[in-house]
There are 2 protein chains.
Amino acid sequence: MFSKACEYGIRAATYIASQSLEGRRVSLKEIAEEIDSPVAFTAKILQQLSRNKIVASSKGAYGGFEIEKSNIERIKLGQIVHAIDGDKVYVGCGLGLKKCNANKPCPVHDRFVAIRDDLKNMLEATSLREMTMGLEVGTTYLKR
Amino acid sequence: MFSKACEYGIRAATYIASQSLEGRRVSLKEIAEEIDSPVAFTAKILQQLSRNKIVASSKGAYGGFEIEKSNIERIKLGQIVHAIDGDKVYVGCGLGLKKCNANKPCPVHDRFVAIRDDLKNMLEATSLREMTMGLEVGTTYLKR
DNA sequence: GTGTACTAGGACAAATTTGTCCGATTTATG
DNA sequence: CATAAATCGGACAAATTTGTCCTAGTACAC
């Protein structure tokens, strides 16, 4: 569904959000440990999220990553996906046709659009805050 | 959503089905032209579909690919996807966790399962016959 | 200022997916 | 039997994605 990069990105952002809610700024190393991802690769992804203003980074000792509280409410899953995978989740034909649309549809156009719209709606409706909810109480996980 | 191989596979199978319904056996070359796919790569994919009994191939002069009429009704999109991409559409966590399940879910587990079930249902409900319907009357397309 | 703990970013490497090439084999036809 | 038209299958090549390594730069603490 998503690229590995995107999966790591969502997990990383979710972890950062959960810690930011407790007032903790977290390092790359800690993030990679907590979401069980390759450190250097995760660094690249966090750079992207940082450039896209999804996470804030600070260099130097006691530096790390954090997300402003107001942003934790505001940022939706869809923004993270878009920052990493671009719009390919939203655009693009299920059968790979370049010019598939309602006028010249592929044989599964309508059925795909329906499912993709559901996905899109879910991504746009789910905030980082919601992602963190279960983590705090231990009913959801980011590893393994 | 699907791999390129799978996209080509669905398009190829759909084209073969549409021609088989008219009693025509079609060659690899013709298939690749009609679905606008790389010839040699399409050959590999058709081999897979052949091994999985989704299409029937005959070698030699006047050989080619075809699908039995009764199979056109019976074969569902899901079988084609499974033959090429395996079960990764059905199994597997949206965030890439190996052991994500209802007991130890990732933060988006439920929302993903809902969407994936829709996709699964669609794939299992759509037959090759249905895929060919619009092609005959020119309301759906397999190229571009 | 120096050391230490960080992120930034470029270059590189490995793995996977996508795609090509070519010889072997099969089958119909003359 | 010879030829032509086709699939089969293995080896290879290119492109993309995933992942590593190393250097530079930044900020805090002493």
Side-chain angles (χ1 to χ4, degrees), chain A residues 1-13 15-16 19 24-33 35-67 81 83-86 88-89 92 95-96 98, chain B residues 1-13 15-16 19 24-33 35-67 81 83-86 88-89 92 95-96 98:
Chain A
M1 194 84 89
F2 303 136
S3 67
K4 281 277 170 202
C6 196
E7 293 175 355
Y8 294 143
I10 294 172
R11 278 150 63 191
Y15 180 71
I16 297 168
Q19 296 304 299
R24 296 187 62 235
R25 181 187 285 167
V26 288
S27 72
L28 166 63
K29 195 181 155 208
E30 178 181 339
I31 295 166
E33 265 161 23
I35 70 171
D36 192 35
S37 66
V39 179
F41 192 43
T42 307
K44 301 289 182 190
I45 297 161
L46 286 170
Q47 278 180 43
Q48 279 185 267
L49 293 183
S50 176
R51 288 194 202 104
N52 282 275
K53 313 280 183 203
I54 287 166
V55 307
S57 72
S58 24
K59 290 183 172 184
Y62 292 82
F65 298 88
E66 67 194 312
I67 307 178
V81 173
I84 297 172
D85 279 353
K88 71 182 168 192
V89 175
L95 300 187
K98 301 262 186 321
Chain B
M1 196 83 90
F2 303 136
S3 68
K4 282 276 170 201
C6 195
E7 293 174 355
Y8 294 144
I10 295 173
R11 279 151 62 192
Y15 180 69
I16 296 168
Q19 296 304 300
R24 295 189 61 237
R25 181 187 285 168
V26 289
S27 72
L28 167 63
K29 195 180 156 210
E30 176 181 339
I31 295 167
E33 265 162 21
I35 70 172
D36 192 35
S37 67
V39 180
F41 192 43
T42 306
K44 301 290 182 192
I45 297 160
L46 287 171
Q47 277 180 43
Q48 280 186 265
L49 294 182
S50 175
R51 286 193 203 105
N52 283 276
K53 313 280 184 202
I54 288 167
V55 306
S57 71
S58 24
K59 290 184 172 184
Y62 291 82
F65 298 88
E66 66 194 313
I67 308 179
V81 172
I84 299 173
D85 279 352
K88 71 182 170 194
V89 174
L95 300 187
K98 301 260 187 320

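Convention: sequence-line order gives letters A, B, ...; per-chain numbering from 1.
We find that CD1 of A:Ile45 is positioned 11 Å from P of D:dT20, with the value rounded to whole Å. In this structure, the CD1 atom of A:Ile84 is 13 Å from the P atom of D:dT17, given to the nearest Å. Spacing between atom CZ of B:Phe2 and atom C1' of C:dT18 amounts to 18 Å, rounded to whole angstrom units. Taking atom CD of residue A:Glu7 and atom C1' of nucleotide D:dT18, one finds them 12 Å apart after rounding to whole Å. Rounding to whole angstrom units, CD of residue B:Glu33 and C1' of D:dA6 are separated by 15 Å. Computed from coordinates, the A:Phe41 CZ to C:dG9 C1' distance equals 15 Å when rounded to whole Å. D:dA29 atom P lies 6 Å from atom OH of A:Tyr62, rounded to whole Å. The distance between atom CG of A:Leu46 and atom C1' of D:dG19, rounded to the nearest whole Å, is 15 Å.
For B:Ala61, taking side-chain heavy atoms from C-beta onward, the closest of the listed nucleotides D:dT17, D:dA5, D:dG19 is D:dA5. Of the candidates D:dT18, C:dT20, C:dA8, D:dT18 carries the atom nearest the A:Ala5 side chain, counting heavy atoms from C-beta on. Of the listed nucleotides (D:dG19, C:dT20, C:dA8), D:dG19 has the atom at the smallest distance from the side chain of A:Pro38. When each of C:dT29, D:dT26, D:dC28 is scored by its nearest atom to the side-chain atoms of A:Lys59, the top-ranked nucleotide is D:dT26.
Contact of the A:Phe2 side chain with the A:Ile10 side chain is registered, since non-hydrogen atoms from C-beta on lie closer than 4.5 Å. Contact check for A:Phe65 versus A:Gln19: no side-chain heavy atoms found under the 4.5 Å cut-off.
Of the N and O atoms on the side chains of A:Arg25 and A:Ser58, at least one donor lies less than 3.5 Å from an acceptor on the other residue.
Nearest heavy-atom pair across B:Ala32 and B:Thr42 is CB-OG1, 4.5 Å. Heavy atoms only, all atoms of each residue included: A:Ala83 and A:Leu49 are closest at CB-CD2, 4.2 Å.
Nearest-nucleotide assignment on DNA chain C puts the 5′-proximal partner with A:Phe65, out of A:Phe65 and B:Cys6. Toward the 5' end of DNA chain D, the nearer of the two residues B:Gly60 and A:Ala40, judged by each one's closest nucleotide, is B:Gly60.
At the phosphate of C:dG9, OP1 or OP2 sits under 4.0 Å from a side-chain N or O atom of A:Arg51. Residue B:Gln47 places none of its side-chain N or O atoms closer than 4.0 Å to OP1 or OP2 of D:dC8. Residue B:Tyr8 has a polar side-chain atom (N or O) positioned under 4.0 Å from OP1 or OP2 of C:dG19. The phosphate of D:dC8 (OP1 or OP2) has a side-chain N or O of B:Ser57 nearer than 4.0 angstrom.
The residue A:Lys44 sits close to a base: some heavy atom pair falls under 4.0 Å.
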